[in-house]
Amino acid sequence: MSFKDTVQSDLNVFFNLDEFAETRTIDGRALNVIVDNDRLQQRSQKEYDGISVGEILFYVKASEFGERPEQGTPMIFDGRQMYVFDCREDDGVYEIILQQNRGV
């Protein structure tokens with residue numbers, strides 16, 4: 001078994017609904033995600049001088065989500081219209097930060 005195979009099998013543990021994941025509706029699809037707003041707060045403090053940059057940070061398997069969303073892409077998360085502030089990919093997992101448009 002290669003290292004990549006090992007990482008992929010570990011992802012199944014993390015995205016198991018009995019472990020860390022929860023089902024959320026994203027753009028009309030039920031997906032198993034891990035919401036981690038503690039990580040969002042850490043990134044805001046470390047990368048943006050403490051300025052809050054989003055409202056939700058979640059992880060999702062790239063293989064289940066599909067094409068990597070670009071910054072500014074609209075997304076409906078549990079019925080809330082949001083926009084992608086940032087998306088990173090690491091070992092087959094997207095880390096996505098969403099923010100609401102609170103324009104005038």
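What you see is a predicted model; the values in this text were computed from it and never measured. Atoms considered below: every heavy atom in the structure, side chains included; atoms not considered: hydrogens, waters and symmetry mates.
- D86 has a carboxylate O that lies under 4.0 Å from a charged side-chain N of R88, or vice versa, which qualifies the two as a salt bridge.
- Taking all atoms of both residues into account, the shortest heavy-atom contact from L11 to D91 is CD1-O, 3.7 Å.
- By the rule that hydrophobic residues join a cluster once side-chain heavy atoms approach within less than 4.5 Å of another member, I96 and Y83 end up as members of separate clusters.
- Side-chain atoms of N37 come within 3.5 Å of backbone N or O of L57 as a donor-acceptor pair.
- Expressed to the nearest 0.5 Å, how far CZ of R39 lies from CD1 of I97 amounts to 8.0 Å.
- Separation of the F58 and F77 ring centroids falls under the 6.0 Å cut-off.
- Under the 4.5 Å side-chain heavy-atom criterion for ILVMFWY residues, no single connected hydrophobic cluster contains both F20 and V33.
- When atom types are taken as modelled, the side chain of E89 and the backbone of Y94 share no donor-acceptor pair closer than 3.5 angstrom.
- Residues R80 and L98 fail the side-chain proximity criterion, which asks for heavy atoms closer than 4.5 Å.
- The CZ atom of R43 sits 11.0 Å away from atom CG of D36, with the distance rounded to the nearest 0.5 Å.
- Under a hydrophobic clustering in which Ile, Leu, Val, Met, Phe, Trp and Tyr are joined whenever their side-chain heavy atoms come within less than 4.5 Å, directly or via other members, F85 and V60 fall into different clusters.
- Across G54 and Q99, no two heavy atoms sit closer than the pair CA-CB, 4.0 Å.
- Hydrophobic cluster membership is shared by F14 and Y59, with clusters built from Ile, Leu, Val, Met, Phe, Trp and Tyr side chains linked at under 4.5 angstrom.
- The minimum heavy-atom distance between Q81 and I76, with the atom names listed, is OE1-CG1, 3.7 Å.
- Residues N32 and F15 come closest through the heavy atom pair O-CD2, 3.6 Å.
- Within the 4.5 Å cutoff, no side-chain heavy atoms of E95 are placed close to those of D90.
- Of all heavy-atom pairs spanning L40 and E55, the tightest one is CD2-C, 3.7 Å.
- Scanning both residues, E70 and V84, for their nearest heavy atoms gives O-CB, 3.5 Å.
- Here the OG1 atom belonging to T25 is positioned 8.5 Å from the CG atom belonging to L31, to the nearest 0.5 angstrom.
- Under the 3.5 Å distance criterion, the side-chain polar atoms of R29 are matched with a main-chain donor or acceptor of F65.
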